[in-house]
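Each remark here refers to the structure printed beneath this line.
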Amino acid sequence: MERWKNKIAIVTGASSGIGAAIVLELIKCEMIVIGLARRIDRLEALRKQMSKEFEKNFHTKQCDVTKEEEISNVFNWIDEKFQGVHVLINNAGVMGTGMTMAPNNSDLLRRTFDTNVMGLLWCTREAFLLMKKYSIDDGHIIHMNSITGHNPPVMAGFHVYSASKHAVTTITETHRRELLAEKTNIKISNISPGIVDTELYIGMSLPPETQYLQSIDIANAVLYVLGTPPHVQVHDLIIKPIGEIF
C-alpha cells in the first residue's frame with residue numbers, strides 16, 4: 001500500500017458499516033480520503049475514531065448518489081480542491097425487503113436501482129474523467145458487489161437487490177473493456193461479499209444459523225486488491241463466511 005500514500009481516495013456510502021471500515025483502513029495507510037454519504041453527522045462521528053495524526057487527511061461531503069446533480073457538484077469540488085482522484089470505491093448500496101410483485105413498491109424499486117446501479121455508474125464516470133484529465137494512468141476503481149450478484153438467493157424477500165447486483169457484475173466487465181479500449185492502466189475490481197453484519201440486513205428474516213462476515217473483513221479485502229502489483233488486476237473477489245448457507 002506504500003504507493004498509495006498521500007493519494008486521493010473516494011469512498012461512497014462511507015458513514016457506516018463496510019464504508020466506514022474502509023475509510024479507517026485507508027486513513028491508516030496515509031491516503032487522503034474523501035467520504036461521501038447522505039448522513040454528514042455520521043461522517044463527522046467517524047472522524048473521532050481516527051488518530052490525531054491522520055484525521056487531517058479525512059474530508060467529508062454530503063452526497064446522495066441517487067441524485068446525479070449532487071454527484072456532479074461533489075466531483076467538481078474534488079477537481080478544484082485535489083486536482084484528480086486515484087481510487088474510487090463504490091460502496092453505497094441499499095437493500096429493500098419484500099416481494100417484487102408487492103403493491104405500491106415503485107419507490108423501493110427505483111431507489112434500489114438508482115443507488116446500486118445508477119449511482120455507481122455516475123460516480124465511476126466522473127472519477128474516470130478526473131483521472132483522464134490529470135493523466136492518472138494507474139488509478140483503481142472498486143465496485144462493492146455481492147454474492148447475490150452472481151447467484152440469486154434461494155429464498156424470497158431480497159426484492160430486486162440481487163438483480164441490481166447482477167447489473168454491477170456485468171458493468172464491471174463492461175468497464176474493464178472500456179478501460180482497455182482507452183489504453184489505460186487503470187484497474188477495475190469487483191468485490192462480492194456474502195452476508196456482512198451491517199445495517200443492510202436489518203429486518204431480514206435469516207435462519208438463526210446464518211454466519212456473518214464483519215466489515216473489517218471487507219476492508220481488508222479492499223487493501224488486498226489495492227495492494228497488488230501494477231501488472232496484477234483482481235477482477236472479481238468473492239468472500240463468504242465459513243458455513244454460509246447461500
Side-chain angles (χ1 to χ4, degrees), residues 1-14 18-36 43 46-47 49-61 74-75 77-92 120 123-145 168 171-173 175-193 214-239:
M1 289 294 293
E2 182 66 23
R3 71 188 182 95
W4 296 112
K5 184 177 178 179
N6 295 321
K7 297 296 177 66
I8 311 299
I10 300 171
V11 181
T12 69
I18 293 172
I22 292 170
V23 166
L24 292 173
E25 293 308 305
L26 295 183
I27 286 290
K28 291 176 187 175
C29 294
E30 299 184 60
M31 294 192 74
I32 298 167
V33 181
I34 303 162
L36 307 183
L43 291 175
L46 181 61
R47 185 188 303 279
Q49 300 180 42
M50 302 172 185
S51 68
K52 293 294 183 182
E53 180 184 4
F54 297 131
E55 69 170 330
K56 66 181 186 300
N57 288 340
F58 184 46
H59 303 266
T60 63
K61 273 290 184 182
V74 166
F75 275 87
W77 172 80
I78 292 169
D79 186 6
E80 293 173 6
K81 187 172 180 65
F82 299 101
Q83 289 77 55
V85 58
H86 301 86
V87 172
L88 168 68
I89 300 171
N90 281 307
N91 171 72
L120 177 145
C123 287
T124 301
R125 178 190 66 198
E126 297 303 315
F128 170 71
L129 291 174
L130 278 187
M131 291 177 187
K132 190 172 182 179
K133 178 177 179 178
Y134 291 100
S135 301
I136 297 171
D137 190 53
D138 58 350
H140 203 141
I141 299 166
I142 296 176
H143 298 329
M144 200 57 62
N145 199 337
V168 173
I171 287 166
T172 305
E173 177 60 16
H175 283 153
R176 186 186 72 84
R177 296 186 187 194
E178 290 183 358
L179 291 170
L180 278 173
E182 289 281 340
K183 301 187 185 305
T184 175
N185 291 314
I186 297 169
K187 296 182 184 181
I188 184 83
S189 298
N190 192 43
I191 296 181
S192 300
Q214 300 301 313
S215 295
I216 186 61
D217 300 323
I218 313 308
N220 285 333
V222 168
L223 296 188
Y224 168 73
V225 168
L226 288 175
T228 52
H231 70 287
V232 175
Q233 175 172 254
V234 177
H235 185 61
D236 201 345
L237 183 60
I238 295 177
I239 313 167

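One is the number of the first residue; the rest follow in order along the sequence.
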request  = Only counting residues at least two apart or in another chain, list the ones meeting salt bridge (Lys or Arg N to Asp or Glu O under 4.0 Å) with D79.
outcome  =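 By the salt bridge (Lys or Arg N to Asp or Glu O under 4.0 Å) rule, D79 matches K133.
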Under 3.5 Å, is there a donor-acceptor pair between the [X] and [Y] side chains?
X: N90; Y: T124; result: yes
X: T228; Y: K187; result: yes
X: E173; Y: H235; result: yes
X: T12; Y: N91; result: no
X: S189; Y: H140; result: yes

ask   = Can you tell me how far the NZ atom of K5 sits from the CD1 atom of I32, to the nearest 0.5 Å?
value =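 Interatomic distance, K5 NZ to I32 CD1, rounded to 0.5 Å: 11.5 Å.
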ask   = How long is the gap from CH2 on W77 to CD1 on I34, to the nearest 0.5 Å?
value = 5.0 Å
inquiry  = I'd like to check M1 versus E30 (side-chain heavy atoms, cut-off strictly below 4.5 Å). Are they in contact?
reply    = no
ask   = Taking N220 for the side chain and D217 for the main chain, is one N or O donor matched with an acceptor at less than 3.5 Å?
value =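 Checking the backbone N and O of D217 against the side chain of N220, no donor-acceptor pair under 3.5 Å is found.
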inquiry  = Taking side chain to side chain contact (heavy atoms under 4.5 Å, CB included) as the criterion, tell me which of L120, I141, N190, I142 meets it with T172.
reply    = N190
remark   = side chain to side chain contact (heavy atoms under 4.5 Å, CB included) with I10: of V74, L36, V87, I89, only one passes, and it is L36
message = So which atom in G139 and which in I136 form the shortest heavy-atom distance, rounded to 0.1 Å?
response = N-CG2, 4.1 Å
ask   = Looking at G84 and I78, what are the two nearest heavy atoms and their distance?
value =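 Shortest heavy-atom contact: O-CG2, 3.9 Å.
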inquiry  = Between H175 and F128, is the ring centroid distance below 6.0 Å?
reply    =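 That pair fails the under 6.0 Å test.
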message = Quick one, L129 with F75, criterion side chain to side chain contact (heavy atoms under 4.5 Å, CB included). Give me CA distance, side-chain angles, the key distance, then yes/no.
response = CA-CA 10 Å; L129 291 174; F75 275 87; over 6 Å; no
inquiry  = Taking side-chain contact (heavy atoms from CB on, under 4.5 Å) as the definition, give me every residue that meets it alongside Q83, ordered by chain and number, with sequence neighbours left out.
reply    = Y134
